[in-house]
Amino acid sequence: MLKSQRLSFHLAAASVVLAAISLILFFVTNATVSYAVVDGPVAIVCTVLAILLCGGSVFLQARGASEFPTTVLRLLTLGLLMVAFTIVLSDRALVAGGLFTWNDLDTYGWNAFYTGIACMVFQLLPVLLLIVSSFMRQDAKKR
């Protein structure tokens, strides 16, 4: 069943894994002492929903559903991941502003900044993979 799937299936499955890694990294950066993300619960909900929707699109594609529902689920996934990315970016940009101007010796701040950067990278990678996969065929290969 997996051998007959196209590359778009595998890219979407990799997106699910990368989004799960970004959620773990978000928990790490959010748990930094006195540097919790301001809208953290919203970012968590968006990322969890994105993982579920993208996983649903992968499941639908594996079951041979038409391209329309899988595309809609992946577009919703893109939107949710971008909302989570924007929340982390805006909060960690504020942290970076303090670190690069007057608070450069704050080790907790640097930890929050570096883990925030890693979280943002792993939030953008699934977005890029889903964009690339959206230009590919999503039906199963003919044998």
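A quick note: this is a predicted structure, and the numbers were derived from the prediction, not measured. Side chains included, hydrogens not; waters and symmetry mates left out as well; all remaining heavy atoms used.
Transitive grouping of hydrophobic side chains (ILVMFWY, heavy atoms separated by less than 4.5 Å) brings Phe27 and Phe85 into a common cluster. Taken together through direct or relayed side-chain contacts under 4.5 Å among Ile, Leu, Val, Met, Phe, Trp and Tyr, Leu23 and Leu128 form parts of separate hydrophobic clusters. Cluster annotation: Val58 and Leu75 are assigned to the same hydrophobic cluster (Ile/Leu/Val/Met/Phe/Trp/Tyr, side-chain heavy-atom contacts under 4.5 Å, transitive). Under the 4.5 Å side-chain heavy-atom criterion for grouping Ile, Leu, Val, Met, Phe, Trp and Tyr, Phe122 is connected to Val132 within one hydrophobic cluster. Neither Leu105 nor Tyr35 shares a network with the other; the hydrophobic side chains, linked directly or stepwise wherever heavy atoms of I, L, V, M, F, W or Y lie under 4.5 Å apart, form separate groups for each.
Taking each heavy atom of Arg92 and Phe113 in turn, the nearest pair found is O-CD1, 4.1 Å. Of all heavy-atom pairs spanning Leu130 and Ser15, the tightest one is CG-OG, 3.6 Å. Contact detail for Ser22 and Cys119: the closest heavy-atom pair is O-SG, 3.5 Å. Between Val95 and Gly109 the shortest heavy-atom distance is CG1-O, 3.7 Å. Of all non-hydrogen atoms in Ser66 and Pro69, the two that sit nearest each other are OG-CD, 3.1 Å. Here the shortest heavy-atom pairing between Leu99 and Asp106 reads CD2-O, 3.9 Å.
Evaluation of the ring pair (Phe, Tyr, Trp, His ring centres under 6.0 Å) rule for Tyr114 yields Trp110 as partners, not counting sequence neighbours.
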(request) In sequence, state the C-alpha distance, the side-chain angles, and the governing distance for Met136 and Leu11, and then conclude on side chain to side chain contact (heavy atoms under 4.5 Å, CB included). (result) CA-CA 10 Å; Met136 299 177 178; Leu11 290 178; 3.7 Å; yes
(request) Please assess Thr115 against Thr29 for the test side-chain hydrogen bond (donor to acceptor under 3.5 Å, both in side chains), listing each intermediate value before the final yes or no. (result) CA-CA 5 Å; Thr115 55; Thr29 193; 3.0 Å; yes
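Taking the side chain as every heavy atom from C-beta outward, Thr77 and Leu80 never approach each other to under 4.5 Å. Residues Leu60 and Leu73 form a side-chain contact, since some pair of their non-hydrogen atoms from C-beta on lies under 4.5 Å apart. Side-chain contact check for Leu89 versus Gln123: every heavy-atom pair is 4.5 Å or farther apart.
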Scan the side chains in residues 39-57 for donor-acceptor partners under 3.5 Å anywhere in the protein, sequence neighbours excluded, and list what turns up.
residue	atom	partner	partner atom	Å
Thr47	OG1	Ala43	O	2.8
Ser57	OG	Cys54	O	2.7
Ser57	OG	Arg74	NE	3.1

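To the nearest 0.5 Å, atom CG of residue Asn30 and atom CD1 of residue Ile87 are 11.0 Å apart. A distance of 12.0 Å separates CD1 in Ile117 from CG in Leu25, rounded to the nearest 0.5 Å.
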